[in-house]
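The structure appears right after this line, and notes come after that.
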Amino acid sequence: MNRILIAEDNPRITSFLQIGLQAHGFTTIVVSTAWEAMQIVEAGDVDLLVLDLGLPDRDGTEVLTTLRGQGETIPIIILTARDGVESTVSSLEGGADDYITKPFRFEELLARIRVQLRNRAPRTKQETTIQVADITLDLLTRQVWVGDRLVELSAREFLLAEVFLRHPMQVLTREQLLDRIWGYDYDPGTNIVNVYVGHLRQKLGSDRIETVRGFGYRLRV
Ligand code: CA
């Protein structure tokens, strides 16, 4: 299991990252200051650092140069604001492995995290399918089977189905699903989650996803 340290002071972003990373089997540690981030990395207990540049006590670039100056080699991915081109360049020069510009989609960051970890670690056997009851998702071919019936899903529908299958019987709120699939900066007033749950019901079977009134949705097994 990989342990990811998230150093970010925006709670909306940290909860968005935690939910997503945990759903993919990562362990997450969240801190909101540069000082805490340095303590944890120096203790040697994490495999990758996601580092916000705008932390309240110190600039993220200082964390980066200090850690690299101490010979710290863990992969570091910088989170930076869209207008922060200069700080991004200096981060890469300061030893960051990659960066991502806010606002970003979870899948984008996940892909970068995986690349960094794959570059460092011996290859482990990758999970390629998820199966719950008679629903099977093939994560490589992006094919979906209900029993022996092949079902066509759009890219977003596939991601939504994946979240449900990773959390069978668990109630997922509209906000969690919105954060996870559409990004934390998406308008919380949108009804897009309801619309896509409707699509999944049509394609997977109308009784598969249950509405839990006042809370959200749950995959029935
Ligand atoms: Ca910040």
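Note that the structure is a prediction, hence the values are computed from the model and not measured. Note that the numbering runs from 1 along the sequence shown for the chain. Atoms within a ligand are numbered from 1 in the order they appear, just like the ligands themselves.
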> Parallel, tilted or perpendicular for Y217 and F164, by the 30°/60° rule?
Replying inline: perpendicular

>> Using side-chain heavy atoms (C-beta onward) and a distance below 4.5 Å, is E8 in contact with L17?
In response: no

> Looking at E107 and R180, does any basic side-chain N land under 4.0 Å from a carboxylate oxygen?
Replying inline: yes

>> Using the side chain to side chain donor-acceptor pair (under 3.5 Å) criterion, which residues pair with R68? Sequence neighbours excluded.
In response: D97

>> One thing to verify: whether D52 and K102 come together as a salt bridge, which I'm taking to mean a side-chain N less than 4.0 angstrom from a carboxylate O.
In response: yes

> Going by chain and residue number, what protein N/O/S atoms come nearer than 3.0 Å to the Ca ion (ligand 1)?
Replying inline: D9 OD1, D52 OD2, G54 O

> Just by distance, do the side chain of R3 and the backbone of D45 share a donor-acceptor pair under 3.5 Å?
Replying inline: yes

